[in-house]
Peer 1: 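For reference, the structure I am asking about is given below.
Any value given below was found using the heavy atoms of this structure, including those in side chains, with hydrogens, waters and symmetry copies removed. Residue numbers begin at 1 in each chain, while the letters A, B, ... track the order of the sequences.
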Protein chains: 2
Amino acid sequence: MVKLKKAAKVSVKATKSDHSTEEKIKMAARKMFTQKGFAATRTRDIAEEAGINLALLNYYFRSKEKLFDLIMLENMQHFVMGMKGVLSDETTTLQEKFEQFVGNYIDMLTQHPDLPLFILHEIKANPDKFVERVGIQNVIFGTHFYKQLIAAIGKKGQPFQIIMNMMSLTVFPFVASPLLRNLGNLTPDDFNKLIESRKKLIPLWINAMLTIK
Amino acid sequence: MVKLKKAAKVSVKATKSDHSTEEKIKMAARKMFTQKGFAATRTRDIAEEAGINLALLNYYFRSKEKLFDLIMLENMQHFVMGMKGVLSDETTTLQEKFEQFVGNYIDMLTQHPDLPLFILHEIKANPDKFVERVGIQNVIFGTHFYKQLIAAIGKKGQPFQIIMNMMSLTVFPFVASPLLRNLGNLTPDDFNKLIESRKKLIPLWINAMLTIK
DNA sequence: AAATTTTTTAATCATTTGATTAATTATTTT
DNA sequence: AAAATAATTAATCAAATGATTAAAAAATTT
């Protein structure tokens, strides 16, 4: 019961001592988990990366799993919710939403290239735990974007296929980067340029798809 | 040194006693590794799944890692080399190759939906070990497919982008299936139908892309 | 400043996990 | 059939790993 007391205090203090140990552990955990996944990450790796005593990990977060869940939920929100703003914007055209979605996502993924593979891998390892929990149901349906998309192609045009395509074209290159780099004999730099140019290309490709009857 | 002798005998016998223990272990290992990844898979899980004594795993394959490498190389060839046949075919048109590539891949992935995420995750965990080893350099360049693609759009048309798109549109839905199913409020069955219909749609979409100047 | 609480540390625990061993059973060779 | 080899098993090992504890140090409250 000692722990509960401490945990309570910690969360109260969270705003105050926001940096320091607790945050150091979270940052190190985020890095290690995202890099190697839950199963392959050792709590000792995290402790070393954070430069803290191993016991502090359990002191602040109770268990490896609790710490992981925390990181994971943050990451998922980062990954899934990032789009919601763009897709809900009532002031932009469909075309502009394509451009913003792809642009924002590629920018974000360029900074966090490990994120999608990590998330998808952990979701597969524990679908019920993570997918259900984050409210992603109404990220698509009901948004301004979805209405615009249906207005453009009709429900018969299978709007969800288009959405899958937009995500596939944007995210997959990051998920498969080591393979694609090798397949295309590309240096990391060349590959990044290729990715960067997709910011403009993907919206064009999506548009071309929409013209099909 | 006892093991080396045995290992030699085993490989000689391989053709004869092809099924039985050794193969049972490989099948179980393939299943468990593909399902949970290297780090999360316990040798005891494999032994139980195969219905054999744990020691036999080491007896036949020396170590968890050696067994994994074996499975992994087989999987990668399954995954990467599958396309080579289609892309090298000198008798088909570019359009037909799109259709065959997408069709074959979707069929294969429907039967082994865990394969791509597994492979991509393990490649990322150990890029040098697996990517370099499998000769995927000339799976694209130099094939009949590549020549046809350049003939159709020119080198300025960025053929590699098109190839990335073809792979993205085909493979990503499998990699992200739990997320996409939830995002689209789809039953597994509905999702499979969506995937199935992509066999015809993806070639159309690719074609639409090719028309862009 | 004393008392109290919180944070940090080193040492240690209990399991898990990959691997080995020595003995037993089954198979093959002679 | 006897001898030799291969396959299988139960028991065990050593290292790794997540977690805890008791004591010390630091910070906060009184």
Side-chain angles (χ1 to χ4, degrees), chain A residues 1-26 28-29 32-33 36-72 125-126, chain B residues 1-29 32-33 35-72 125-126:
Chain A
M1 309 305 112
V2 194
K3 304 282 174 45
L4 288 176
K5 187 170 52 172
K6 272 183 277 186
K9 287 271 176 66
V10 163
S11 60
V12 168
K13 288 190 64 180
T15 34
K16 186 158 119 195
S17 66
D18 217 1
H19 295 281
S20 190
T21 310
E22 198 178 351
E23 201 57 25
K24 272 198 292 184
I25 297 173
K26 260 173 78 171
M32 300 309 289
F33 280 140
K36 326 203 350 167
F38 176 77
T41 299
R42 313 291 110 155
T43 52
R44 280 164 179 83
D45 298 343
I46 298 175
E48 193 185 5
E49 173 74 29
I52 53 100
N53 187 290
L54 170 60
L56 290 176
L57 189 151
N58 297 91
Y59 177 76
Y60 282 104
F61 300 96
R62 310 293 293 242
S63 71
K64 179 191 177 187
E65 202 183 338
K66 290 246 169 58
L67 174 56
F68 176 77
D69 290 355
L70 204 78
I71 302 292
M72 186 63 183
N126 235 322
Chain B
M1 310 306 115
V2 193
K3 302 284 174 43
L4 288 176
K5 187 169 50 172
K6 272 182 279 189
K9 286 272 174 66
V10 163
S11 60
V12 168
K13 287 192 65 180
T15 35
K16 186 156 118 197
S17 66
D18 217 0
H19 296 283
S20 187
T21 309
E22 198 178 351
E23 201 57 26
K24 273 198 293 185
I25 297 174
K26 260 172 80 173
M27 283 177 56
M32 300 309 290
F33 281 140
Q35 204 168 91
K36 327 202 350 165
F38 176 77
T41 299
R42 311 294 117 169
T43 52
R44 281 165 179 81
D45 299 342
I46 299 175
E48 193 185 5
E49 172 74 28
I52 53 101
N53 188 289
L54 171 60
L56 290 176
L57 189 151
N58 296 91
Y59 178 76
Y60 282 104
F61 300 95
R62 308 295 293 248
S63 71
K64 179 191 177 187
E65 203 184 338
K66 290 246 168 59
L67 174 56
F68 177 77
D69 289 355
L70 205 76
I71 302 292
M72 185 64 182
N126 234 322

Peer 1: So does A:Tyr60 get a side-chain nitrogen or oxygen closer than 4.0 Å to the phosphate oxygens (OP1/OP2) of C:dT8?
Peer 2: yes
Peer 1: In a table with atom names and distances, give each donor-acceptor pair under 3.5 Å that connects a side chain of residues 37-46 of chain B to protein atoms at least two apart or in another chain.
Peer 2:
unit_1  : atom_1 : unit_2  : atom_2 : d
B:Thr41 : OG1    : B:Met32 : O      : 3.3
B:Thr41 : OG1    : B:Gly37 : O      : 2.6
B:Arg42 : NH2    : B:Ala39 : O      : 2.6
B:Asp45 : OD2    : B:Arg42 : N      : 3.3

Peer 1: Strictly below 4.0 Å, heavy-atom distances to any atom of DNA chain C: list the hits from residues 40-51 of chain B, or just say none.
Peer 2: B:Thr41, B:Arg42, B:Thr43, B:Arg44
Peer 1: Nearest whole angstrom, please: distance from the C1' of C:dA26 to the CD1 of B:Ile52.
Peer 2: 17 Å
Peer 1: Under the rule for salt bridge (Lys or Arg N to Asp or Glu O under 4.0 Å), what residues qualify as partners of B:Lys26, not counting sequence neighbours?
Peer 2: B:Glu74
Peer 1: What nucleotide, of C:dT8, D:dT8, C:dT20, holds the atom closest to the side chain of B:Leu56?
Peer 2: D:dT8
Peer 1: B:Leu54 near the nucleic acid: base, sugar-phosphate alone, or nothing, with a heavy-atom cut-off under 4.0 Å?
Peer 2: base
Peer 1: Quick one: B:Lys66 NZ to C:dG18 P, roughly how many Å, whole number?
Peer 2: 15 Å
Peer 1: Given atom CZ of B:Arg62 and atom P of C:dT20, what is their separation to the nearest angstrom?
Peer 2: 8 Å
Peer 1: Among the candidates C:dT7, C:dA19, C:dA10, find the nucleotide nearest to the side-chain atoms of A:Asn53.
Peer 2: C:dA10
Peer 1: Tell me: NZ of A:Lys64 to P of C:dA14, nearest whole Å?
Peer 2: 21 Å
Peer 1: Only pairs at least two apart or in different chains count here, so list each salt bridge (charged side-chain N to carboxylate O under 4.0 Å, His left out) that has a residue in residues 50-60 of chain A.
Peer 2: none
Peer 1: Where do B:Asn53 and B:Ala47 come nearest, in terms of heavy atoms and distance?
Peer 2: C-CB, 4.4 Å
Peer 1: Can you tell me how far C1' of C:dT17 sits from CG of B:Asn58, to the nearest Å?
Peer 2: 11 Å
Peer 1: Expressed as a whole number of angstroms, how long is the span from B:Phe38:CZ to C:dG18:P?
Peer 2: 8 Å
Peer 1: Using a 4.5 Å cut-off on heavy atoms from C-beta on, say whether the side chain of B:Leu67 contacts that of B:Phe33.
Peer 2: yes
Peer 1: Write down the distance between CD1 (B:Ile25) and C1' (D:dA7), rounded to a whole number of angstrom.
Peer 2: 11 Å
Peer 1: For B:Gln35, which residues count as a side chain to side chain donor-acceptor pair (under 3.5 Å) partner, sequence neighbours excluded?
Peer 2: none
Peer 1: I need the OH-P distance between A:Tyr59 and D:dA25, as an integer number of Å.
Peer 2: 17 Å
Peer 1: With sequence neighbours excluded, tell me which residues meet salt bridge (Lys or Arg N to Asp or Glu O under 4.0 Å) with A:Glu48.
Peer 2: none
